2 protein chains.
Amino acid sequence: MRGRPRTFDREKALRRAMMVFWERGYEAASLEDLTEAMGINRPSLYSAFGRKEDLFREAVALYDTIETAPIVNAVEDSPTAYAGIEAALKRNIEVFTRAKTPRGCLVTLALLSGRKENSEIRDFLCENRRSGQALLRRRIERGIAEGDVPAKADPDRMALFYTTVIHGLSVQAKDGITHEDLCSTADAALAAWDRLAGGPAPKPASGQL
Amino acid sequence: MRGRPRTFDREKALRRAMMVFWERGYEAASLEDLTEAMGINRPSLYSAFGRKEDLFREAVALYDTIETAPIVNAVEDSPTAYAGIEAALKRNIEVFTRAKTPRGCLVTLALLSGRKENSEIRDFLCENRRSGQALLRRRIERGIAEGDVPAKADPDRMALFYTTVIHGLSVQAKDGITHEDLCSTADAALAAWDRLAGGPAPKPASGQL
DNA sequence: TCCTTTATATACCGATCGATACATTATTGA
DNA sequence: TCAATAATGTATCGATCGGTATATAAAGGA
């Protein structure tokens, strides 16, 4: 390639930008905060990532890759829908309270209220949240298909409930609630499972599996 | 009183400021947004309410008076702890989805992430959230004392769980979830009650009440 | 009537916001 | 060797941020 080579690691700079957005949210993360954390100056940021909005979208994509994707895998790899939802709750809590990263979920906390000119980014984050909800819904639907969830269960409703709890856990994590208390809260949500699913999981007929 | 009389209704102006903070959050509500909504200019705002931070604290106090206090009363006036928590959920949903006011809870959504120089306001809001949690805890403790909640129930844990759900409902309301779906989610949370309380409510001995 | 007091309106403060112009430096291809 | 290309550092842009100085207007008290 022609031209002067880049003197910084683009991926590492993006990861640091992600941390700033995670800590401060979208609007409160200033270009000065970002460039300082990334170790570069403004023109380098703009040539490598585009505008602040572009950088943020890429930071969210990186968050999805680093933080969300393993949770998605855990949900899908769990043997039952219940175990999948439990994994979603517990693994999110691990992320929300990890010592080396900011508390709570970037996608949930970065922009709830805000300036009206940032409504597109708010919608972008909302869509991301809905995709997490869709993940849980599909896992419960699969549970019905595979027989570990009663057929009369309502996957939409259950996914909405557990997604709502996860959003609440983000707020609580940001407020400094302990890991232990968050886990206790997740268990409380799971305690509703049988009644939400319309009874305990039907026992598969012997030899069916 | 001496001096030129005020030409605006202080209470009405405060209510409009509250709406702006409710809609945009603390940081994104600019003085221009505020003065325009309040129908006054900056010096009038400063002489009547002090700095932006002072105005915000007073707006939150008004929110507590107008929106929160009736919910507090409903929780405390409910005949049982279960009915009290149910009232807290349902009445919050009414507030979060009311057509004439912004969606979600001002206290929860106004400042989660943000600039580090606003950490005092974040703590102020966090304290407000914790007081809501304490309200639920006390109502459950009273339920134990009055016999409508089993003695082995954990009021701290139950209050934390239902408060977390309410925080999640704020996020969902902001995301545009329907009133019906929010109610369905609240019912899902209430479905965990018996297992959280350690069994259904003990039946009072006949003649005890 | 006139002075004191308080509110109003205009205009502006320094600081910071996101975003760039410009000149310089470093590299590749011809 | 040198033009073309791309990244860097500095310095700055206009807009907006929260917050005020200043002058004027409107009331009460002496």
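Chain naming here is simple, since letters A, B, ... match the order of the sequence lines and numbering starts at 1 in each. If you're wondering where the values come from, they're calculated on a predicted model, not measured in any experiment.
As a whole-Å value, the separation of A:Arg24 CZ from C:dG18 P is 12 Å. Rounded to whole Å, the distance from CE on B:Met38 to P on C:dA9 is 14 Å. Taking atom CD of B:Glu27 as the reference point, atom P of D:dG19 lies 12 Å away to the nearest angstrom. Following rounding to the nearest Å, B:Leu34 (CG) and D:dG18 (P) show an atom-to-atom distance of 8 Å. A:Leu31 places its CG atom 18 Å from the P atom of D:dA15, with the value rounded to the nearest Å. As rounded to whole Å, 11 Å separates atom P of C:dT20 from atom CG of A:Asp54.
Using a 4.0 Å heavy-atom cutoff across all strands shown, B:Ala29 reaches sugar-phosphate atoms only and no base atom. At a threshold of 4.0 angstrom between heavy atoms, the contacts of B:Pro5 are confined to the sugar-phosphate backbone, with no base atom among them.
Candidate nucleotides C:dG18, D:dT8, C:dG29 were compared by shortest atom distance to the side chain of A:Arg2, and C:dG29 ranks first. Nearest nucleotide to the A:Ser47 side chain, out of D:dA7, C:dC17, C:dA19: D:dA7. Of the candidate nucleotides D:dG18, C:dG18, D:dT8, D:dT8 has the atom nearest to the side chain of A:Phe8. When each of C:dT10, C:dA19, D:dT8 is scored by its nearest atom to the side-chain atoms of B:Pro43, the top-ranked nucleotide is C:dT10. You'll find that the side chain of A:Arg115 is closest to D:dC17, out of D:dC17, D:dG19, C:dA9.
Electrostatic pairing of A:Arg137 and A:Glu141 counts as a salt bridge here, judged by a charged N lying under 4.0 Å from a carboxylate O.
Contact check, B:Ser30 against D:dC17: a side-chain N or O comes under 4.0 Å of OP1 or OP2. Within the 4.0 Å cut-off from OP1 or OP2 of C:dT8, at least one side-chain nitrogen or oxygen of B:Thr7 is found. At C:dT8, none of the side-chain N or O atoms of B:Asn41 fall inside 4.0 Å of OP1 or OP2 (strictly under the cut-off). When the side-chain nitrogen and oxygen atoms of B:Arg4 are compared with OP1 and OP2 of C:dT8, none of them lie within a distance under 4.0 Å.
Comparing A:Tyr46 and B:Arg6 against DNA chain C, the residue whose closest nucleotide sits nearer the 5' end is B:Arg6.
A donor-acceptor contact under 3.5 Å is formed by the side chain of B:Arg42 with the base of D:dG19.
Here the OG1-CD distance, from A:Thr101 to A:Glu94, works out to 10.5 Å after rounding to the nearest 0.5 Å.
A cation-pi geometry, defined here as NZ or CZ lying under 6.0 Å from the six-membered ring centre and within 45° of its normal, holds between B:Lys52 and B:Tyr26.
Residues in residues 23-32 of chain A take part in these salt bridge (charged side-chain N to carboxylate O under 4.0 Å, His left out) pairs, two or more places apart or across chains: A:Arg24-A:Asp33.
Not one N or O on the side chain of B:Arg122 forms a donor-acceptor pair closer than 3.5 Å with the backbone of B:Leu111.
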